[in-house]
Protein chains: 2
Amino acid sequence: MAMKTDNAAQTEKTDRRVGWKQAPDDVRANILDTAQKEFAENGFSGARVDAIAARTKTSKRMLYYYFGNKEQLYLEVLRASYQEVRTAEQSLNLETLAPDDAMRQIVRFTVNHHVANPDFIRLVMIENIHHGRFIRQLNEIQELNAGAIRSLEKIYKAGCAAGLFRKDIKPIDIHWLISALAFFSVSNQATFGWLFEKYLTGARADLADSLGEDIVLRFLANHG
Amino acid sequence: MAMKTDNAAQTEKTDRRVGWKQAPDDVRANILDTAQKEFAENGFSGARVDAIAARTKTSKRMLYYYFGNKEQLYLEVLRASYQEVRTAEQSLNLETLAPDDAMRQIVRFTVNHHVANPDFIRLVMIENIHHGRFIRQLNEIQELNAGAIRSLEKIYKAGCAAGLFRKDIKPIDIHWLISALAFFSVSNQATFGWLFEKYLTGARADLADSLGEDIVLRFLANHG
DNA sequence: CTCGTAATGTACTAATTAGTTAATTTAGGA
DNA sequence: TCCTAAATTAACTAATTAGTACATTACGAG
């Protein structure tokens with residue numbers, strides 16, 4: 001769970017300080033980790049700086065020492081969370097698969113990943129509540145996501161060439177669809193699950209899982 | 001915009017009080033309306049009672065007089081918002097249409113409706129952030145939504161009988177899919193729109209609009 | 001060994017915020 | 001017309017909360 005920190009201003013100093021009892025790197029990571037949980041659980045205004053401090057190994061003073069203020073701490077949490085997620089995405093190896101199998105794999109991976117990382121989903125929800133005011137300050141993130149589109153495009157084009165997929169779709173729309181299905185299945189679990197509880201037998205995630213692949217592949221299929 | 005109030009304890013008293021300068025019904029409605037905007041914009045903890053009061057025609061004291069406290073006011077806002085939305089849904093007349101056209105109509109209506117009511121979407125997002133803690137206290141809402149499933153089921157069964165739709169789908173899954181597409185297109189506009197801004201030409205809503213119908217009908221189609 | 005600086009703990013403050021107190025006005029029925 | 005209860009106002013309070021001042025400790029360079 002502890003996430004590696006690589007804040008530019010900090011590293012070259014801390015690297016030299018081997019064997020300290022005072023461990024700024026660990027303290028920083030510990031604060032970030034705790035803050036992520038608090039922000040994901042309660043939102044930006046709902047999160048309490050004191051609550052974060054209380055759950056860290058250190059004090060509130062350190063939180064301000066390392067991150068300046070609540071907003072900057074939140075920004076660092078957001079940055080770290082996105083980085084973690086997109087790194088995981090790149091570990092997927094789809095080169096050897098047939099285009100339709102690869103597409104299935106992407107859907108399955110995305111749903112599973114979202115289900116396994118509800119805190120990340122919650123942070124994205126919170127961002128949207130804030131009209132993306134914070135994420136807009138993190139330009140690096142925009143580039144991380146371009147990679148996802150490129151690899152999707154490769155698979156889509158291969159599928160078109162193989163006659164498996166229809167040719168009138170934009171890769172971004174495929175990505176949009178997969179995101180919508182995977183995201184919604186986690187983000188709206190509380191309300192949807194409760195509103196329609198008598199219609200839902202198993203767990204909410206399963207529904208979007210096998211269903212998700214079906215929806216995406218029928219959307220892309222070259223028949224009809 | 002002003003929404004009709006029908007709080008049991010209040011009505012029989014206020015109905016008799018015709019011609020007052022003091023208009024408790026209007027004041028109540030005015031508070032609810034203002035509160036909805038503030039809660040939808042800032043969430044439960046982000047919303048400020050003082051901010052609501054300031055934008056009302058009346059004072060903060062009245063807000064407590066009519067609603068007790070912040071949480072109960074929020075609950076009333078949530079109840080009123082859901083009621084408003086589901087009422088609109090029932091105005092749709094689909095009996096005369098062919099099943100596939102009716103289904104298309106539902107998708108189109110749902111997307112348009114969500115796009116036109118971002119404050120409602122935001123309230124649902126906020127509920128989910130709170131794990132549905134508040135909505136769970138409003139049992140009436142659960143029943144409102146059962147109607148949506150029933151009318152969808154009718155259309156689906158007609159489509160199956162006419163050989164248009166495959167027969168292995170549960171109506172709740174169709175509803176889930178339509179909700180996911182319509183909801184996501186509004187709820188994640190800020191982050192998705194910004195992350196992929198270079199891939200997106202037109203407005204975000206249009207994408208899910210024609211696309212939405214396509215996705216749902218291909219999912220249901222009886223070919224392949 | 002001692003001096004300077006980064007790291008840390010304790011105790012505080014100023015501002016905000018949900019909620020209240022107590023007095024005042026409005027209107028309709030007796 | 002006067003009495004009662006609902007409706008309203010303005011000023012207040014207690015608690016919470018982000019952020020800080022200041023003293024102290026750990027370390028490593030010289």
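Proteins come first, then strands; the chains are lettered A, B, ... in the order of their sequence lines, and each starts at number 1. Hydrogens, waters and symmetry mates are skipped; everything else that's a heavy atom, side chains included, is used.
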Answer yes or no: does a side-chain N or O of [X] lie under 4.0 Å from OP1 or OP2 of [N]?
| X | N | answer |
| --- | --- | --- |
| Ser59(B) | dT8(D) | no |
| Tyr65(B) | dT20(C) | no |
| Arg48(A) | dT16(D) | no |
| Thr58(A) | dA7(C) | no |

Look at the side chain of [X] and decide which nucleotide, out of [options], has an atom nearest to it.
| X | options | result |
| --- | --- | --- |
| Val27(A) | dT8(C), dT8(D), dT20(D) | dT8(C) |
| Arg61(B) | dT9(D), dA18(D), dG19(C) | dT9(D) |
| Val49(B) | dA18(D), dT8(D), dA18(C) | dA18(C) |
| Asp50(A) | dT17(D), dT8(D), dT8(C) | dT17(D) |

Starting at [atom1] of [X] and ending at [atom2] of [N], how long is that distance when rounded to a whole Å?
| X | N | atom1 | atom2 | value |
| --- | --- | --- | --- | --- |
| Asn30(B) | dT8(D) | CG | P | 11 Å |
| Met62(A) | dT20(D) | CE | C1' | 13 Å |
| Ile52(A) | dT17(D) | CD1 | P | 12 Å |
| Tyr66(B) | dA6(D) | OH | P | 11 Å |
| Tyr64(A) | dC12(C) | OH | P | 18 Å |
| Leu63(A) | dT20(D) | CG | C1' | 14 Å |
| Arg28(B) | dA6(D) | CZ | P | 16 Å |
| Lys57(B) | dT9(D) | NZ | P | 12 Å |

| task | Look at the side chain of Asn145(A) and the backbone N and O of Leu195(B), then say whether any donor-acceptor pair between them is shorter than 3.5 Å. | result | no
| Considering only heavy atoms from C-beta outward, does the side chain of Tyr74(A) approach that of Glu38(A) to under 4.5 Å? |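 No, too far: nothing below the 4.5 Å cut-off.
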| field | Side-chain touch Phe39(A)/Ile126(A), heavy atoms, less than 4.5 angstrom | value | no
| said: On the side chain of Lys60(B), is there an atom forming a donor-acceptor pair with the base of dG19(C) - under 3.5 Å, no angle test? | reply: yes
| request: Give one of base, sugar-phosphate or nothing for Ala53(B), where a contact means two heavy atoms less than 4.0 Å apart. | output: nothing
| request: Just call it for Ala47(B): base, sugar-phosphate, or nothing, with non-hydrogen atoms closer than 4.0 Å on any strand. | output: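 Sugar-phosphate contact only.
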| said: Tell me if the aromatic rings of Tyr199(B) and His175(A) count as close, with their centers under 6.0 Å from one another. | reply: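 No; His175(A) has its ring centre 6.0 Å or more from that of Tyr199(B).
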| request: Determine the minimum heavy-atom distance between His130(A) and Phe44(A), stating which atoms define it. | output: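 Minimum heavy-atom contact is NE2-CB, 3.7 Å.
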